[in-house]
Protein chains: 2
Amino acid sequence: MQLLSKKFEILDLAQEMMQKRGYNGFSYADISEAVGIRKASIHHYFPSKASMGVAVIRRYRKIFNGHLENIDKEEKNWLNRVNKYTKLYEPVLLENKLCLCGMLAADIETLPKILKKEIRDFFVDNVDWLSNNLKLHYKNISKKRLSELSWKIIASLQGAIMMARMSDNVDIFFFTAKELLIQLEKSN
Amino acid sequence: MQLLSKKFEILDLAQEMMQKRGYNGFSYADISEAVGIRKASIHHYFPSKASMGVAVIRRYRKIFNGHLENIDKEEKNWLNRVNKYTKLYEPVLLENKLCLCGMLAADIETLPKILKKEIRDFFVDNVDWLSNNLKLHYKNISKKRLSELSWKIIASLQGAIMMARMSDNVDIFFFTAKELLIQLEKSN
DNA sequence: TAATGTCATCCTACTAGTAGGTAGGTATAT
DNA sequence: ATATACCTACCTACTAGTAGGATGACATTA
C-alpha cells in the first residue's frame, strides 16, 4: 500500500496538464511517462478520461471553496475579501497555467456532458461567494444585479489571466485586478 | 476551375471549428466530411495543419482590422468607437463561438510556434487601435497606461464571451460590455 | 484544327504514430 | 483468500501526412 500516492500523482499531473494544455491537449501517455506508471495502470484508478476529469474538477472545486472559506475567516471587510479572491489567481498565472475551470470553459464544446456540469457548478459557487460579499457593501441591491457584478469580476479575471499568459506579461493580470478593485471601491 | 471555392470552404470550416472547439478539438476528418472532400485533398491547399491555422488567423486578423477601420470611418467619438468594438463580439457569441484568437490564447501552450506569433500580433493590433482611441479622451496619459487600459478592455471582453458561452447566458457578455462602457465614460 | 504540354484539383491507397481502452496476468499486503 | 496495485500485450479508431495517379481546363505549338 502506497497510501494512494500514485493516484494523487496522476491527479496532480492531470490537473497540471488540463490547466496548461486544455482537456484535448494531453493524453494518458503524457501522464504515464511523467508519473512513471504504465498507461493501462491509469485505468485502474480512473476507468475513463472523463472520470479522471471529474475527479480533478471536484478536488479543485473543493480546495478552491476551502480558500474562499478561509478568506471569510481571515477578512471581515468585503473589499479585502474580493482583493484576496483576485490573489488566488496569481500563483496559477506565475506557474504559466490558467484557472482549471477557465480553461475548460474554453474547451466546453468538446467535453463529455458530465464534465460540463461540474464546471458550471464551480462557477455557481464563485458567483454565490462574490454575491454574498458584494451584498455587504451594496445595500438594497437585487440578486440579479449581484450576480451580474459577480460575473463581471470573474470574466475580467479569467480573461486577464488568459491574456497575460499569452502575452507573457503578468502585468496584464495585475493591472486588470487592481482596476477592478478600484472601481468596486468607488462604486455604490 | 472552381474559383478557389473549396479552399475558402475549408478555411471557413477550419475557422468555425477553431472558434468552437479549439485547435486540438478538430481534425482533417471533420473538415473532410463537412466540406465534401477527401482528407488527403485538404493537404493540396494546406500542406500542414499549422499552415492551415496560419491562413485562418491571417484572414481573421485582416477582416477584423477592416472592421476597426470601418468603425473609425463611421464614428468620430471615442466612446462610440469602443462601443462598436464591443459589438464586434456579439455575433460571435450568438453563434456559440469564441473570438478565434481568444480561443487560441487558451490553447497557446499546445500550438506550433508560428501560430503563437500570429495570435500575439492580432492582439497587438487590438491594443494599438484601442490605445489610439482612448488617447482621444485621456489627455496627457502615458503610452504604458493606454496599453494597460486597452488590455483590460480586451481581457474583460474575452473573459465575458467565454463565461457567457459556458453558462449559456449571453447576458453575462452584454452586461460586462455595458459596465465597461459606463466606467470608461465616467473616468478621465 | 489537331496534337501536345502544363497545371489545378481532386482521388485512392497507404504510412507511422497516437488515442483511449480492454483482457488477463502477477506480486504484495492484509 | 481477498483486494490493491500494478504489469504485458493487445485492440480499434483515429491522427496528420505522403505517394502517385486520374481528370479536366487551358495554352502552346505543329
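This one's a predicted model, so the numbers in the text were calculated from it and none came from an experiment. Naming: A, B, ... by sequence-line order, numbering from 1 per chain. Worth knowing before you read on, the calculation uses all heavy atoms, side chains too, and leaves out hydrogens, waters and symmetry mates.
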**Message:** Less than 3.5 Å apart, any donor N or O on the side chain of A:W129 or A:D72 sitting next to an acceptor on the other?
**Reply:** yes
**Prompt:** Under 3.5 Å, is there a donor-acceptor pair between the B:S131 and B:S150 side chains?
**Reply:**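 Side chains of B:S131 and B:S150: pair found under 3.5 Å.
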**Request:** Would you give a per-nucleotide map of nucleotides 11-22 of chain C, 5' to 3', where B means the base has a protein non-hydrogen atom under 4.0 Å away, S means only the sugar-phosphate does, and - means neither?
**Result:** BBB-----SBBB
**Asked** Phosphate oxygens OP1/OP2 of C:dA8: is one of them under 4.0 Å from a side-chain N or O of B:Y45?
**Response**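 Answer is no, no contact under 4.0 Å.
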**Item:** Contact under 4.0 Å: B:H44 side-chain N or O vs C:dT9 OP1/OP2
**Value:** yes
Salt bridge between [X] and [Y], side-chain N to carboxylate O under 4.0 Å?
X	Y	value
A:K20	A:E16	yes
B:E109	A:R21	no
B:E179	B:K186	no

